[in-house]
Amino acid sequence: LSGDTGDRPLAGRHVIVTSGPTHEPIDPVRYIANRSSGAQGTAIAQALVALGARVTFVTGPATVPPPAGVDLRAIETAEQMRQAVEGALPADAAVLAAAVADWRIESPAQGKIKKDRNGAPPALSFAENRDILAELSRPGPDRPALVVGFAAETDDVIANATAKRARKGCDWIVANDVSPGTGIMGGAENAVTLIRADGAETWERMSKPEVAARLARRMAEALGHGTA
Ligand code: CTP
Ligand code: CA
């Protein structure tokens with residue numbers, strides 16, 4: 001690769017980044033969602049662009065504005081996110097930082113559900129969304145060389161995230177403790193542990209852009225050495 005040195009080690013590389021929440025409609029005016037500002041995913045996309053990567057940024061309705069210099073794919077639902085990721089392949093690497101809703105409403109109402117239902121709240125029936133990270137990690141010709149997932153946990157962070165990495169088949173997992181007391185959800189900082197096949201490495205608490213810069217640098221090294 002011509003640009004594979006110096007301060008743009010990801011030149012010529014394509015990286016897919018997912019970010020933000022997904023919204024799953026209940027009816028035309030209501031939805032269920034996960035909490036996510038999109039701050040960490042946005043910072044990661046920015047850091048990858050800064051190292052020269054071509055970034056496809058697949059984002060749900062986030063709080064923070066999208067980064068500059070990416071190929072932006074704005075979606076709402078998990079299924080739309082899955083299709084956008086699939087449509088962006090092939091890629092050298094993927095970082096799935098989105099807080100994807102695990103369930104969608106099985107059959108969203110076509111019209112607005114009215115409150116006046118003789119006092120009976122609606123009963124919602126859920127269906128599980130497909131796991132984008134697990135599907136992307138499956139061995140095959142289109143699998144990116146380096147697949148990075150996230151694990152936002154509130155209990156037994158490292159044990160849960162290590163199990164999640166094995167279950168999903170991704171190369172790395174960025175684990176963080178998002179318990180309410182930490183101030184990480186919606187905050188400016190993050191405290192993460194990078195889990196790879198050869199063990200876990202806990203980084204000091206730092207700003208989300210600093211986490212992003214360090215992760216992007218690590219990704220460039222791994223892709224450069226062919227040792228994801
Ligand atoms: N993820 C995904 N598609 C889904 C659900 C999750 O791609 N349908 C990705 C997330 O973007 C993240 C990783 O999988 O990178 C872990 O998400 P998480 O919610 O922590 O894992 P789950 O397997 O859904 O487990 P749980 O929510 O029960 O902890
Ligand atoms: Ca989940």
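First listed ligand is number 1; within each ligand, the first listed atom is number 1. These numbers come from the heavy atoms of this one structure, side chains and all, not from hydrogens, waters or symmetry mates.
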Trainee: If we only consider heavy atoms of K168, is any one of them less than 4.0 Å away from an atom in ligand 1?
Mentor: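 Yes; K168 lies near enough to ligand 1 that a heavy-atom distance drops under 4.0 Å.
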Trainee: Going by the angle between their ring planes, with limits at 30° and 60°, are H23 and Y31 parallel, tilted or perpendicular?
Mentor: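 Because their plane-to-plane angle is under 30°, the rings of H23 and Y31 count as parallel.
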Trainee: Between D171 and R196, is there a side-chain N and carboxylate O pair less than 4.0 Å apart?
Mentor: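 The answer is no: the pair does not qualify as a salt bridge.
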Trainee: So which heavy atom in the protein is nearest atom 15 (O) of ligand 1, and how far is it from that ligand atom?
Mentor: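 Result for atom 15 (O) of ligand 1: L96 O, 2.6 Å.
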Trainee: What closest approach, in Å, do F57 and G41 show between heavy atoms, and which atom pair accounts for it?
Mentor: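 For F57 versus G41, the nearest heavy atoms are CE1-O, 3.7 Å.
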Trainee: Are R217 and E221 within salt-bridge range, i.e. N to O under 4.0 Å?
Mentor: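 No, no charged N to carboxylate O under 4.0 Å.
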Trainee: Any idea which protein heavy atom is nearest atom 27 (O) of ligand 1, and the distance to it?
Mentor: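 Protein heavy atom with the smallest distance to atom 27 (O) of ligand 1: D102 OD2, 3.3 Å.
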Trainee: In this structure, does ligand 1 have an atom that sits under 4.0 Å from one of the heavy atoms of D131?
Mentor: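 So D131 counts as touching ligand 1.
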Trainee: For atom 12 (C) of ligand 1, find the nearest protein heavy atom and state the residue, atom name and distance (0.1 Å precision).
Mentor: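 Of the protein heavy atoms, F150 O, 3.1 Å lies nearest.
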Trainee: Starting from atom 9 (C) of ligand 1, what is the nearest protein heavy atom, named by residue and atom, and what distance separates them?
Mentor: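 Looking only at protein heavy atoms, the one closest to atom 9 (C) of ligand 1 is L133 CB, 3.8 Å.
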Trainee: Given that the side chain starts at C-beta and the backbone is N, CA, C, O, which of these parts of L136 lies under 4.0 Å from ligand 1, counting heavy atoms, or is it both or neither?
Mentor: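 Neither; nothing of L136 gets under 4.0 Å from ligand 1.
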Trainee: Work out which heavy atom in V147 is nearest to a heavy atom in C170; give both atom names and the distance.
Mentor: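 Nearest pair, atom of V147 first, then C170: O-CB, 3.6 Å.
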Trainee: Which residue owns the protein heavy atom closest to atom 3 (N) of ligand 1, what's the atom, and how far is it?
Mentor: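 Here the nearest protein heavy atom works out to I132 N, 3.1 Å.
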Trainee: Please name the residue in the list I184, V157, V211 that meets the side-chain contact (heavy atoms from CB on, under 4.5 Å) test with V192.
Mentor: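 Only match with V192 under side-chain contact (heavy atoms from CB on, under 4.5 Å): V211.
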Trainee: For R130, is there an ion pair with E135 - N to carboxylate O distance below 4.0 angstrom?
Mentor: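 Between R130 and E135 there is a salt bridge, with a charged N closer than 4.0 Å to a carboxylate O.
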Trainee: Looking only at protein heavy atoms, which one is nearest to atom 20 (O) of ligand 1, and how far off is it?
Mentor: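 Checking every protein heavy atom, the shortest distance to atom 20 (O) of ligand 1 gives K164 NZ, 2.6 Å.
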Trainee: Look at atom 10 (C) of ligand 1 and find which of G149, S137, A161, A98 reaches it with the closest heavy atom.
Mentor: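 The nearest heavy atom belongs to A98.
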Trainee: Do you know the tightest heavy-atom contact between V49 and G69?
Mentor: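 That closest heavy-atom pairing would be CG2-O, 3.9 Å.
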Trainee: Taking only non-hydrogen atoms of R130, do any sit less than 4.0 angstrom from ligand 1?
Mentor: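 Yes, R130 has a heavy atom closer than 4.0 Å to ligand 1.
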